[in-house]
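Sequence lines set the chain letters: A, B, ... in the order given, protein chains first and strands last, and positions in each chain run from 1.
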Number of protein chains: 2
Amino acid sequence: MARVGLTVDRLARAGAELADEVGFEHVTVSELARRFDVKVASLYSHLKNSRDLKTRIALLALEELADRAADALAGRAGKDALIALANVYRDYARAHPGRYAAAQFRLDPETAAASAGVKHAQMTRAILRGYNLTEPDQTHAVRLLGSVFHGYVTLEMGGGFSHSAPDSEETWSRTMDALDALLRSWPAPSTTTG
Amino acid sequence: MARVGLTVDRLARAGAELADEVGFEHVTVSELARRFDVKVASLYSHLKNSRDLKTRIALLALEELADRAADALAGRAGKDALIALANVYRDYARAHPGRYAAAQFRLDPETAAASAGVKHAQMTRAILRGYNLTEPDQTHAVRLLGSVFHGYVTLEMGGGFSHSAPDSEETWSRTMDALDALLRSWPAPSTTTG
DNA sequence: CAATTTGCCTAACACTTTTAGGAAAATGTA
DNA sequence: TACATTTTCCTAAAAGTGTTAGGCAAATTG
């Protein structure tokens, strides 16, 4: 009966490590209990249910990611800042694939609103200060950057870029060049479409 | 004992429908059996295991998506083709979220190589014929387009763009403008980085 | 030190996955 | 048509996960 000293925070941290080892989708309350050498039911004093666990891991990952992003952005502007932020996501995903997947976990709206997730959009927006974009375009650009960062990282992790010739490192650097060029001369809306 | 007439194809199709209803991650062999009014064990005459089921749903989705992409691309070139292909992914994801998620399912290398997945890269490459890109750059561009399509669709489906002001429809159209502009004047590699 | 709260336990139930072995239906063959 | 084989579905059962209920001992509080 000696108490192990479980807390939601320790569970979330251990859950994050577990996610990195076995993949976020295979994180299980049972396995977590096993790692603490404790019976499964005991975790239910700390967690509402297994979704609660996943949510906490997601929040942890979002927080870690936001911290790193803030560090990376400090003192940088323009393309330098763009590259730094992009690398934060990519490096994090490679070092912590389970946590990165967790950060993508669909949170309910209130939880999401209170999460570090909102900081990410703000930091992406901060990058755009170095470029000359005014309001509606700024939001479009934030969304595009988010799409590229997330899309690239996801496809790369999934092995999508590992087969063919130019290595992913080079594509990544060229993608940064492309985004920088694009933001510098952001095109006006085409008349045919909008 | 009357035979229901199960086949792997029917199971995969029903699995795809189930995925659209409950989400790909909640597709379960048990639920599928229930829908055919058959005992769970019976499905194991047709499926190796639950991963097998998910693989078949993924292959089905990749195929459907490739067919639609091929149709959309027929007779189009340049920006027109770019928009058509991008819309195929987005529309498919919205109409069939479970199938779209299935298409992202990580297949083992041999299965992936034999899947319709390879056609997708080819079709994206086909779009670039309308732009003037030569070999290493063409691959970089294919990867960038893939990243944007997938990233945008994923974030949009996850509700990431539903809160703030300019609606997602507008951002989408501006994203198409941006990609077209980018492909038209694809930047040379920056000297500092590569 | 007594009272209360908290943390972990056992027990139990529901559900999913998967294997083994049987019986009836479908199919092929003489 | 009659018989042999294969296929499809079944029952039974084991193992794993999620979750709730209720209990007892440890920690905390007054």
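Residues of residues 8-19 of chain A that place a heavy atom closer than 4.0 Å to DNA chain C do not occur. Residues of residues 24-45 of chain A that place a heavy atom closer than 4.0 Å to DNA chain C, in numerical order, are A:Val38, A:Lys39, A:Ala41, A:Ser42, A:Ser45.
Rounding to whole angstrom units, CG of residue A:Leu53 and C1' of D:dT17 are separated by 13 Å. Taking atom CG of A:Leu6 as the reference point, atom P of C:dG7 lies 9 Å away to the nearest angstrom. If you take NZ of B:Lys54 and C1' of C:dT16, they are 11 Å apart, rounded to a whole angstrom.
Scanning for side-chain contact (heavy atoms from CB on, under 4.5 Å) contacts around A:Asp37 gives an empty result, with sequence neighbours left out. Residues that satisfy the ring pair (Phe, Tyr, Trp, His ring centres under 6.0 Å) test with A:Phe105, not counting sequence neighbours, are A:Phe24. Take A:Val22 and apply the side-chain contact (heavy atoms from CB on, under 4.5 Å) test, not counting sequence neighbours, and it matches A:Leu18, A:His26. With sequence neighbours left out, A:Arg68 forms a side-chain contact (heavy atoms from CB on, under 4.5 Å) with A:Val88, A:Tyr92, A:His96.
A donor-acceptor pair is defined here as one N or O able to donate and one able to accept, closer than 3.5 Å; such a pair exists between the side chain of A:Arg143 and the backbone of B:Phe161.
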Could you give the side-chain donor-acceptor pairs of residues 107-119 of chain B under 3.5 Å, partners two or more places apart or in another chain?
from: B:Asp108; atom 1: OD1; to: B:Thr111; atom 2: OG1; distance (Å): 3.1
from: B:Asp108; atom 1: OD2; to: B:Thr111; atom 2: OG1; distance (Å): 2.9
from: B:Ser115; atom 1: OG; to: B:Ala112; atom 2: O; distance (Å): 2.7
from: B:Ser115; atom 1: OG; to: B:Gly117; atom 2: N; distance (Å): 2.9

Atom pairs and distances, side-chain donor-acceptor, residues 54-62 of chain A, under 3.5 Å, sequence neighbours left out:
from: A:Thr55; atom 1: OG1; to: A:Arg51; atom 2: O; distance (Å): 2.8
from: A:Arg56; atom 1: NE; to: A:Asp52; atom 2: OD1; distance (Å): 3.2

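Sequence neighbours left out, not one pair with a member in residues 31-60 of chain B passes ring-ring contact (aromatic ring centres under 6.0 Å, His included). Judged as a ring-ring contact (aromatic ring centres under 6.0 Å, His included), not a single pair has a partner in residues 47-85 of chain B (not counting sequence neighbours). For the ring-ring contact (aromatic ring centres under 6.0 Å, His included) condition, the pairs that include at least one residue of residues 106-130 of chain A, sequence neighbours left out, are A:Tyr89-A:His120.
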Write out a two-atom table: protein N or O, nucleotide N or O from nucleotides 1-5 of chain C, distance below 3.5 Å.
none

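Phosphate proximity of D:dC9 to B:His46: present, with a side-chain N or O under 4.0 Å from OP1 or OP2.
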